[in-house]
Peer 1: 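Below is one structure. I have some questions about it.
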Amino acid sequence: MIKKLVIFTILACTLVIPVCKAADTQIYDNLKIQHYIDNVAFNILNANRIDKRMVFTYNDEDQKTIMLTDKTITRRQIVVYKNQINHISDENELAAFLSREIVKGTLSYDGFARGFVTSAQMKCAPKKYELFFDKRAVDLMVKAGYNPVAMIVFLNKLGEQKRFSFFLTNNTISKRMAEIYEYIYFKYPEYLANNTYLTNKYYQNFLLTSEKNRGMLQEKVKTSSQKRLKYE
Amino acid sequence: MNRIIGIFIAFILVFTGINTAQAKVIIQDTFVDETLKDYAGKELPAANPLCNFESTARVAIVMRPMQTIRSKNGINGTTVSLRVKEDVFYKNKLLVPRGTEAIARVETVATQGMNGIPAMIVLDRFEIPGLDSAKMKSSYIKKGLNLTYIVLPVKWALTILPPTGSLTNFIVGGPAKISPKNDVTIYYYPEWECVDTDFPM
């Protein structure tokens with residue numbers, strides 16, 4: 001009987017311990033990611049003197065395709081999903097993602113009924129606000145000491161490319177990247193002139209795929225035009 | 001021995017050869033290289049210093065722009081001049097006299113959109129003589145006429161008659177304008193202690 005008990009205990013231990021260890025490692029990994037997110041996020045909030053409260057949460061699940069509620073505007077809780085963090089390779093890229101959400105969260109405080117109407121607007125017309133968030137996020141990043149070119153790199157890795165921008169509720173990623181590129185070109189040219197991302201393969205891919213859009217900008221600069229470009 | 005050294009040198013040459021071959025593959029941004037060559041080697045914009053936000057003492061600085069900024073033709077990054085409207089005192093000490101000329105940047109301009117969404121102009125990075133810009137909460141947003149207050153109720157009311165509700169999508173919000181008649185108010189925190197740090201920490 002004692003023999004059986006000993007064998008059972010040994011078996012149970014050999015089975016349970018690896019499971020516990022795996023769970024511990026998972027928790028430890030999640031803690032590290034959460035700490036990483038908080039550190040960058042609060043740097044951005046403090047450097048930009050943002051006096052609106054927001055929290056940042058790491059969710060170790062993938063983001064669902066259709067999200068009925070956007071927690072950034074309803075609860076000011078910025079959720080970073082596993083499939084998003086998996087694409088992030090440095091602090092600048094994480095800052096790009098978080099800055100964008102911080103702009104959205106800040107704006108959700110603004111206006112009638114503690115920002116209810118503004119939040120409804122953001123839900124109604126995401127396309128309109130998308131470009132505004134991207135541009136403001138670039139400003140936030142620069143003020144916090146992050147490289148805004150990382151936003152192009154991050155978007156190039158994460159965003160899917162849909163077919164027609166005109167009929168969609170969102171802008172195509174290629175258009176957003178081109179708008180960000182133009183924004184950095186005119187406002188923060190130092191980052192492009194001394195581009196640390198130039199040898200980055202994802203940025204190289206952006207250069208490869210954005211030839212047409214960059215050509216339009218080149219023409220605009222040459223002719224000193226003030227017209228808004230219709231990127232594709 | 002010589003053979004070993006020879007092989008070693010050949011090895012190094014092969015590897016450096018591969019590296020230079022890889023370096024040549026990189027696509028250069030020639031447009032940036034040509035047009036932004038004045039910025040090459042220039043210092044990157046400084047990050048905002050880290051401050052101790054303990055003090056709640058603040059003073060409002062009211063300014064008026066010296067020119068009109070419109071969302072229709074406002075350009076991101078341009079500089080705007082403003083004039084301080086009233087004397088600014090802190091603990092009976094004059095911080096900024098009336099009429100002082102300040103500058104700010106038009107950070108972002110967003111044009112108006114469908115569903116009654118108004119245009120927006122964001123002013124930031126204020127520079128006022130005698131004041132530390134790091135001690136300011138300075139983001140100022142001016143919006144145009146917000147027609148969403150009309151659009152949303154009408155849209156919801158018309159949901160019983162599809163697709164008439166969707167027609168409200170075509171109502172466009174108002175343009176934004178900051179004129180010399182508008183007060184631009186920002187807040188200055190004189191007691192904040194700021195130190196230059198290497199952000200990100």
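The sequence lines fix the lettering, A, B, ..., with proteins before strands; numbering per chain opens at 1.
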Peer 1: Which bit of B:Asp124 comes within less than 4.5 Å of chain A, counting heavy atoms only: side chain, backbone, both or neither?
Peer 2: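 Only the side chain of B:Asp124 comes within 4.5 Å of chain A.
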Peer 1: Would you mind telling me which of B:Ala46, B:Gly116, B:Ala40, B:Cys51 has the largest number of heavy-atom pairs within less than 4.5 Å of chain A?
Peer 2: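 Of B:Ala46, B:Gly116, B:Ala40, B:Cys51, B:Ala40 has the most heavy-atom pairs under 4.5 Å with chain A.
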Peer 1: Side-chain contact test, heavy atoms from C-beta onward, threshold under 4.5 Å: evaluate it for A:Tyr188 versus B:Leu44 and give yes or no.
Peer 2: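 In short, these two side chains do not touch, never coming nearer than 4.5 Å.
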Peer 1: Against chain B, label A:Gln226 side chain, backbone, both or neither, depending on which of its atoms sit under 4.5 Å from a heavy atom there.
Peer 2: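 Looking at A:Gln226, just its side chain touches chain B.
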Peer 1: Would you give the length of the straight line joining atom NZ of A:Lys143 to atom OG of B:Ser139, rounded to the nearest 0.5 angstrom?
Peer 2: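 Answer rounded to 0.5 Å: 6.5 Å.
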Peer 1: Has B:Asn48 got a side-chain atom pairing as donor or acceptor with A:Asn48's backbone, closer than 3.5 angstrom?
Peer 2: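 It does not hold such a pair.
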Peer 1: When heavy-atom pairs shorter than 4.5 Å are enumerated against chain A, which of B:Gly113, B:Ser138, B:Pro45 gives the highest number?
Peer 2: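 Heavy-atom pair counts peak at B:Pro45.
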Peer 1: Rounded to the nearest 0.5 Å, what's the gap from CZ on A:Arg136 to CD on B:Glu107? Could you check?
Peer 2: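 Interatomic distance, A:Arg136 CZ to B:Glu107 CD, rounded to 0.5 Å: 5.5 Å.
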Peer 1: When rounded to the nearest 0.5 angstrom, what distance separates CD in B:Glu34 from CD in A:Gln218?
Peer 2: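 These two atoms lie 7.0 Å from each other.
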Peer 1: If you apply the rule side-chain contact (heavy atoms from CB on, under 4.5 Å), what do you find for B:Lys143 with A:Asp110, and how did you get there?
Peer 2: CA-CA 11 Å; B:Lys143 289 182 180 178; A:Asp110 190 46; 2.9 Å; yes
Peer 1: Heavy-atom distance under 4.5 Å to chain A: side chain of B:Met120, backbone, both or neither?
Peer 2: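 Contact with chain A: side chain only.
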Peer 1: Take B:Gln28 and A:Leu207 through the side-chain contact (heavy atoms from CB on, under 4.5 Å) test and state the conclusion after the steps.
Peer 2: CA-CA 8 Å; B:Gln28 295 295 324; A:Leu207 291 178; over 6 Å; no
Peer 1: Could you tell me whether a side-chain N or O of A:Lys135 sits under 3.5 Å from a main-chain N or O of B:Ala110, the two making a donor and an acceptor?
Peer 2: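 Looks like no, no N/O pair under 3.5 Å.
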Peer 1: Quick one: what part of B:Val151 sits under 4.5 Å from any heavy atom of chain A, side chain, backbone, both or neither?
Peer 2: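 Neither part, no heavy atoms under 4.5 Å.
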Peer 1: With only heavy atoms counted, which part of B:Lys37 is less than 4.5 Å from chain A, the side chain, the backbone, both or neither?
Peer 2: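 Interface part for B:Lys37: neither.
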Peer 1: Could you please spell out the steps behind the side-chain contact (heavy atoms from CB on, under 4.5 Å) verdict for A:Tyr181 and B:Asp29?
Peer 2: CA-CA 12 Å; A:Tyr181 183 82; B:Asp29 199 346; 2.5 Å; yes
Peer 1: For A:Tyr191 and B:Tyr39, I'd like to know if the aromatic rings sit close, meaning centre-to-centre distance below 6.0 Å.
Peer 2: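 No, too far apart.
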Peer 1: Given A:Phe133 and B:Thr108, is the side-chain contact (heavy atoms from CB on, under 4.5 Å) satisfied, shown in steps?
Peer 2: CA-CA 10 Å; A:Phe133 295 151; B:Thr108 317; over 6 Å; no
Peer 1: For the atom pair CG (A:Asp51) and NZ (B:Lys137), what is the distance rounded to the nearest 0.5 Å?
Peer 2: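 Rounded to the nearest 0.5 Å, the CG-NZ separation comes to 3.5 Å.
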Peer 1: Let's test your reading of the structure: which of A:Asn147, A:Leu217, A:Leu131 forms the most heavy-atom pairs below 4.5 Å with chain B?
Peer 2: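 Heavy-atom pairs under 4.5 Å are most numerous for A:Leu217.
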Peer 1: Based on non-hydrogen pairs under 4.5 Å, which of B:Lys155, B:Met114, B:Gln112 is most in contact with chain A?
Peer 2: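 If we count pairs closer than 4.5 Å to chain A, B:Gln112 comes out on top.
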Peer 1: Give the interface residues of residues 28-38 of chain A toward chain B, defined by a heavy-atom separation under 4.5 Å.
Peer 2: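 Expected list: none.
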Peer 1: Quick one: which of B:Thr78, B:Thr148, B:Asn169, B:Leu152 has the most heavy-atom pairs under 4.5 Å with chain A, could you say?
Peer 2: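 With the most close heavy-atom pairs to chain A, the winner is B:Thr148.
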Peer 1: Check whether any side-chain N or O of A:Arg49 sits under 3.5 Å from a backbone N or O of B:Ala134 as a donor-acceptor pair, and report yes or no.
Peer 2: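 Looks like yes, one N/O pair under 3.5 Å.
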Peer 1: Determine yes or no for a side-chain-to-main-chain donor-acceptor pair under 3.5 angstrom, with A:Gln204 supplying the side chain and B:Ile27 the backbone.
Peer 2: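 Yes: the side chain of A:Gln204 pairs with the backbone of B:Ile27.
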Peer 1: Out of B:Asn115, B:Val122, B:Val109, return the one with the most heavy atom pairs under 4.5 angstrom to chain A.
Peer 2: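 Counting heavy-atom pairs under 4.5 Å, the top option is B:Val122.
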Peer 1: Assess whether atom NZ of B:Lys85 is packed by more than 12 heavy atoms of other residues, nucleotides or ligands within 6.0 Å.
Peer 2: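 Counting other residues, nucleotides and ligands, NZ of B:Lys85 exceeds 12 neighbours.
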Peer 1: Please flag which part of B:Thr111 lies under 4.5 Å from any non-hydrogen atom of chain A: side chain, backbone, both or neither.
Peer 2: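 Contact with chain A involves both backbone and side-chain atoms of B:Thr111.
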Peer 1: What verdict does the salt bridge (Lys or Arg N to Asp or Glu O under 4.0 Å) test give for A:Asp139 and B:Arg125, after you've listed the backbone C-alpha separation in whole Å, the side-chain angles of each residue and the deciding distance to 0.1 Å?
Peer 2: CA-CA 10 Å; A:Asp139 295 328; B:Arg125 289 194 276 171; 5.2 Å; no
Peer 1: Just say parallel, tilted or perpendicular for the rings of B:Tyr149 and A:Phe112, cut-offs at 30° and 60°.
Peer 2: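 The rings of B:Tyr149 and A:Phe112 stand perpendicular, inter-plane angle above 60°.
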Peer 1: Which bit of B:Asp38 comes within less than 4.5 Å of chain A, counting heavy atoms only: side chain, backbone, both or neither?
Peer 2: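 Contact with chain A is absent: no heavy atom of B:Asp38 under 4.5 Å.
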